[in-house]
Amino acid sequence: MLRLALKGALARRLRLALTAASIVIGVAFVSGTLVLTDTLNATFDNIFGDAAKGVSVVVRGQQAFAGSSENGPADERALVPEAMLQKVSHVPGVASASGVADGYAQLVYKGKAVVNGGAPNLGTAWVGDVPANPLHLVRGRAPVAADEVVIDEKSAAKFHIAVDGPVQVVVSGRTFAGKVVGIVRFGSNSALAGATVTAFAPATAQRLLLGTHDEWTTVQLSAQPGVSQETLQQRVRTSLSGEHLQVLTEKQYVQDQADNVKSQFKFFNVLLLVFAFISVFVAVFIIFNTFTVLVAQRTRELALLRALGASRRQMLSSVVLEAGIVGVVAGVTGLGLGVLVALGLRALISSLADGLETVALQVQMRTLIVGMLVAVLVTVTAAVVPAFRASRVPPVAAMRDDFVLPTASLRRRNRIGFALLIIGGVLLASGVRDGSALRIGLGALSMFRAVTALSPLLSRPIVGGVGRALPRFWGTPGRLARENALRNPRRTAATASALMIGVALTTTMSVMAASITTSANAAIDDSVGADFIITANNFAPVSDSVASAVASVPGVGAVTSFRFGSMKVGNSVKQVQGVTDDTVADTLRLKVASGDVRSIVPGSVLVSQDAADSHHWHVGSPVHVTFALTRAQTLTIAGIYEKNPIAGDYMIGLSTYDANFRNRLDVVVAVKAAESANLGEVRAGLARALKPTPSLQLRDQTEFKQDQKRQINQVLIFVLALLLLSLVIAWLGIVNTLALSVFERTREIGLLRAVGMATRQVRRMIRLEAVVIALFGALLGVLLGLGYGAALVQALHSQGVDTTSIPVLQLVGYLVIGVLAGITAAWWPARRASRLDVLQAIASE
Amino acid sequence: MTEAVKILDLPTSDAAARAEHVTKIYGEGGTRVVALDAVSAEFGRGKFTAIMGPSGSGKSTLMHCLAGLDSVSDGRVFLGDTDLTGLDDKALTNVRRDRVGFVFQSFNLVPTLTALENIRLPLDLAGRDPDPGWLDTVIDTIGLRDRLGHRPTELSGGQQQRVACARAMVSRPEVIFADEPTGNLDSRSSAELLAFLRRSVDQTGQTIVMVTHDPAAASYADRALFLADGRIVEELDNPTAERVLDLMKRLDVPTPTET
Ligand SMILES: Nc1ncnc2c1ncn2[C@@H]1O[C@H](COP(=O)(O)OP(=O)(O)O)[C@@H](O)[C@H]1O
Ligand SMILES: [Mg+2]
């Protein structure tokens with residue numbers, strides 16, 4: 001039996017290879033993502049391991065809760081006093097203790113900001129000749145005086161900065177002139193995940209980066225030989241008992257730091273996996289289709305085997321085995337391709353985060369197992385129903401020319417389809433109303449199943465309708481093409497369904513992107529009162545010196561800094577914005593529901609109507625919150641504003657923000673010109689004021705809107721690129737189905753040729769059939785996608801997406817792409833059909 | 001069970017296969033066709049029987065019913081002492097695999113397997129090793145030892161049919177059923193194949209039931225049954241081509257032209 005399956009697979013290798021190709025792409029995607037994830041994780045473990053080399057124990061401040069990095073700076077902790085450093089340095093077993101001072105430092109050289117994409121600009125202290133120092137001098141000397149710095153090798157090379165080079169350094173609150181006295185390398189690597197590094201003498205670092213002279217970000221301890229990390233941790237804990245400090249071993253610390261960064265990549269990885277599984281899902285249709293056709297074509301062969309004594313079980317297992325073989329081949333190929341995919345993605349990430357030198361690709365056992373499992377399980381699962389059908393072939397079929405495999409009745413299928421459609425619709429509607437992602441997902445899925453189930457039914461009117469034009473333009477080949485597409489509605493439907501998935505998702509994304517853009521523009525129009533908006537690339541942090549520099553430009557009326565952070569309200573972590581106490585009403589158009597928003601006095605908070613409603617708050621209500629740094633606090637509601645997508649739910653004054661956060665960096669600086677000022681002059685003045693901080697972008701409202709749109713489109717393009725893969729798979733499916741149909745109709749095509757059909761007409765007939773099927777799939781996809789898109793936009797209503805906008809041109813484009821997919825997919829099968837030898841074709845069994 | 005059957009089926013015959021009042025009806029209402037109408041017949045052990053009759057007379061249907069390929073509407077079918085009419089699919093599968101062999105008019109071989117693999121197929125399906133002596137004998141009788149590695153498409157029609165016969169014999173079945181095995185062959189290949197079938201009856205005692213409408217083919221048989229409209233209308237022992245032709249004329253059967 002194994003031999004039979006192997007031989008069968010070998011004989012049908014071309015058809016099976018095409019089938020395998022559809023799942024290969026999915027497997028490559030899945031395994032590539034896993035390899036990339038593992039590689040990045042190993043890289044970060046490596047980097048943070050490097051950073052903490054020679055360190056045994058780390059002492060740092062505590063945190064009430066871990067904020068989310070999406071809300072703003074997540075690592076809000078109290079500093080470690082110098083006295084504690086002195087204390088722990090006397091703990092037995094400590095070889096050396098050093099204070100670390102980390103913070104924001106942006107280097108400016110010859111009027112250019114030394115940046116590396118969106119990577120952090122790190123300032124730190126040169127801790128000296130202790131094993132815990134991760135920096136090694138490669139040129140020059142260590143910084144001693146207050147204006148001396150050492151910088152990282154990568155930045156020095158990229159911006160051609162030499163030792164003795166004069167630089168400007170922008171730190172929190174000020175910009176000062178300094179001098180490069182040395183070039184350093186970080187750990188064994190030359191870069192810290194692409195971050196630029198500027199190191200100062202310890203006291204300078206404390207003063208510039210932390211704004212203090214007797215505290216540290218962390219204290220790092222190196223153990224004497226023979227003292228384990230855990231032992232030292234215990235001793236240090238004992239000596240610091242009663243202090244609000246956290247004592248971690250180097251292992252724990254590295255783990256914590258790496259996890260922080262990894263969690264930021266997690267979203268990206270999950271996104272890739274989602275699209276990988278969409279590809280796999282599409283492949284299921286194609287595999288199912290191919291095996292169904294193969295079984296139908298082999299009816300007589302299968303019946304012969306049954307007549308010779310093969311049992312049902314043997315028939316079932318022979319088809320399943322064949323699928324298994326395809327799965328194994330596809331799995332191996334897919335894993336190989338996956339490594340290439342990972343290489344490509346790694347290159348992409350490296351170019352986005354220049355200088356992120358990853359470790360060698362990590363191909364773990366888990367990846368191999370998952371890849372193989374996906375390939376084999378998916379192929380076998382998709383082939384089970386066709387295999388079951390194969391086992392029902394009665395032996396007499398071997399002797400009858402006209403035997404047709406019985407299939408489940410279309411009526412039942414239609415009934416199930418309609419039921420699913422209703423269930424899906426109800427789920428989707430209720431999910432949208434309650435904002436339940438689960439119900440939306442389930443609803444979308446069952447609607448999707450409904451449409452696939454109903455597509456044979458739909459194929460008659462739609463394919464027939466679309467096809468009506470064919471005879472008019474292309475005569476008999478057109479007529480035959482239409483009939484061929486209608487001849488086996490299930491096959492047409494299954495082929496079209498594969499394409500439908502990709503097109504539906506593409507349409508959904510396009511509708512969402514268009515709606516988000518429209519809504520965002522409207523939101524900016526409605527809620528931004530500022531004339532100019534200042535941000536860094538990718539919303540990287542901006543020194544607070546910028547706001548004060550800008551405020552003194554002539555003609556500037558109001559300047560608002562926007563800072564972000566996490567705040568616990570009840571048990572949930574919320575985002576809170578810190579805004580300049582008395583200007584937010586000038587730069588944001590807040591619609592006041594009650595209270596006063598013009599001036600936010602210390603200890604007070606502005607909340608949105610939504611937040612107030614859900615907590616039953618009024619002006620004057622106390623709001624009990626927790627900050628990571630300062631723990632439980634009570635704020636008083638000063639004002640309530642109507643929903644405003646830019647303001648979010650909670651706003652506090654900068655004075656309150658600064659009292660509860662260590663972060664002093666702004667994300668956005670908004671500027672409102674004075675009533676009488678000339679906007680052009682103000683802009684020129686602002687540009688001059690921003691000269692010392694060249695990485696910043698100054699935009700007016702229109703430019704800001706365009707920029708938002710560009711960013712949304714970038715995401716859209718990225719997502720569409722991922723969806724393109726599922727379209728490629730669907731395209732392969734069309735090729736495969738057509739090739740199988742051509743093979744099946746060998747005699748018929750031979751007959752047509754014998755009665756005078758030209759090869760050109762044969763090709764046209766096949767091509768038109770493909771176009772009709774593809775157009776059918778694309779049409780269903782666009783319709784379904786429109787539905788999904790509208791539903792999702794509705795669901796995002798509370799997030800400020802309040803207008804549904806349909807990108808008609810894009811959607812027409814997708815239909816055109818469908819037609820092109822049909823034409824190109826038909827090329828090879830059509831060629832084959834037109835090259836059939838007429839006599840042989842007629843004589844063939 | 002077998003005992004009970006024996007008691008029921010008095011007198012115990014020496015038949016390898018037997019039909020008792022077998023009726024086969026296809027379709028319903030307007031499309032209803034009575035393909036077999038209460039047919040009773042016995043096929044002797046070690047005998048070569050030809051089933052003859054005009055096209056559509058029910059020859060193939062009778063053979064399918066006898067071989068357990070198709071179910072009967074009424075009556076009973078025995079293979080040796082086994083009543084096939086009461087068997088489920090699993091048991092019928094075993095019967096087909098172990099106790100009968102088939103040769104069809106066309107589409108006899110699995111195109112993806114070599115000649116030898118095709119011959120061994122029933123054994124492979126059963127998961128049994130062939131009796132090497134017997135396999136050799138079978139291969140030698142068909143005389144295709146040098147073509148065993150070839151695919152069906154690389155063999156002539158006569159050769160393919162001989163491979164099919166070898167496959168039918170390899171599991172030493174009680175009965176070989178052949179449905180117009182020479183239908184697609186030229187007269188020379190036909191003669192070779194029929195001589196081969198005759199030899200296997202004479203030399204190894206094989207029981208063969210063959211459907212044909214060719215009087216020359218029937219002349220190789222020990223006995224010929226004539227079917228018309230689903231009924232057995234005549235029998236001939238030791239038929240010759242002339243006697244068969246005479247009978248066919250008498251029965252008003254259009255005599256076949258060369259196919
Ligand atoms: N599967 C079937 N469905 C309906 N009628 C059938 C079927 N198979 C055979 N018949 C009919 O039964 C009769 C006998 O057919 P068959 O046994 O094939 O005849 P023969 O082999 O003698 O030419 C014919 O009338 C034929 O049309
Ligand atoms: Mg017949």
Side-chain angles (χ1 to χ4, degrees), chain A residues 1-16 294-295 297-319 321-322 325-326 388 390-403 743-744 746-747 837 840-841 843-845, chain B residues 24 26 59-61 63-65 67-71 88-114 116-128 151-153 157 160 164 167-168 170-171 173 177 179-180 183-184 211:
Chain A
M1 212 66 232
L2 178 68
R3 170 139 36 113
L4 194 69
L6 267 172
K7 289 248 170 182
L10 216 59
R12 292 181 281 279
R13 60 182 170 275
L14 191 59
R15 278 170 271 168
L16 292 176
L294 284 180
V295 165
Q297 287 178 354
R298 287 169 59 208
T299 303
R300 294 193 80 188
E301 181 183 328
L302 295 169
L304 177 64
L305 290 171
R306 287 279 283 146
L308 294 178
S311 64
R312 282 207 174 129
R313 183 193 292 272
Q314 281 175 315
M315 292 289 81
L316 189 76
S317 53
S318 87
V319 177
L321 207 64
E322 191 168 318
I325 294 167
V326 172
F388 187 72
S391 77
R392 311 307 287 193
V393 172
V396 254
M399 280 134 286
R400 304 255 178 245
D401 281 331
D402 48 355
F403 183 81
F743 177 78
E744 197 172 59
T746 300
R747 283 185 85 160
D837 183 274
Q840 248 175 23
S844 78
E845 186 59 49
Chain B
K24 176 74 187 177
Y26 289 114
K59 307 184 292 292
S60 297
T61 306
M63 203 197 83
H64 294 160
C65 291
L69 282 175
D70 212 346
S71 60
D88 61 9
D89 181 78
K90 209 167 156 193
L92 278 175
T93 297
N94 286 337
V95 166
R96 287 197 295 268
R97 197 175 66 194
D98 302 332
R99 298 180 56 189
V100 300
F102 294 101
V103 181
F104 309 120
Q105 177 175 351
S106 65
F107 197 73
N108 241 326
L109 304 179
V110 178
T112 51
L113 300 182
T114 64
L116 180 60
E117 285 166 343
N118 262 292
I119 294 174
R120 293 179 43 143
L121 192 55
L123 300 171
D124 287 345
L125 286 171
R128 275 202 303 257
R151 297 275 169 109
T153 47
Q160 286 185 34
R167 185 189 58 202
V170 77
S171 53
F177 292 99
D179 194 348
E180 313 213 22
N184 281 350
V211 167

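Any value given below was found using the heavy atoms of this structure, including those in side chains, with hydrogens, waters and symmetry copies removed. No experiment lies behind these values; they were computed from the predicted model shown.
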Residues that Arg99(B) engages under side chain to side chain donor-acceptor pair (under 3.5 Å), provided they are two or more places apart: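 Result, side chain to side chain donor-acceptor pair (under 3.5 Å) vs Arg99(B): Thr82(B), Glu174(B).
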Interface moiety of Asn94(B) toward chain A, non-hydrogen atoms closer than 4.5 Å: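 Contact with chain A is absent: no heavy atom of Asn94(B) under 4.5 Å.
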Residue from Val100(B), Asn118(B), Thr93(B), Leu121(B) passing side chain to side chain contact (heavy atoms under 4.5 Å, CB included) with Leu308(A):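 Going through Val100(B), Asn118(B), Thr93(B), Leu121(B) one by one, the side chain to side chain contact (heavy atoms under 4.5 Å, CB included) with Leu308(A) is satisfied by Leu121(B) alone.
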Shortest non-hydrogen contact from Ala307(A) toward Phe104(B):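 Heavy-atom minimum between the residues: CB-CZ, 4.1 Å.
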Thr114(B): side chain to side chain contact (heavy atoms under 4.5 Å, CB included) partners, not counting sequence neighbours: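 Checked Thr114(B) against side chain to side chain contact (heavy atoms under 4.5 Å, CB included); matches are Lys7(A), Leu116(B), Glu117(B), Arg151(B).
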Proximal component of Arg306(A), with respect to chain B [non-hydrogen, under 4.5 Å]: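 For Arg306(A), backbone and side chain are both near chain B.
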Arg312(A) side, atom CZ; Lys90(B) side, atom NZ - distance, nearest 0.5 Å: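 Those atoms lie 12.0 Å apart.
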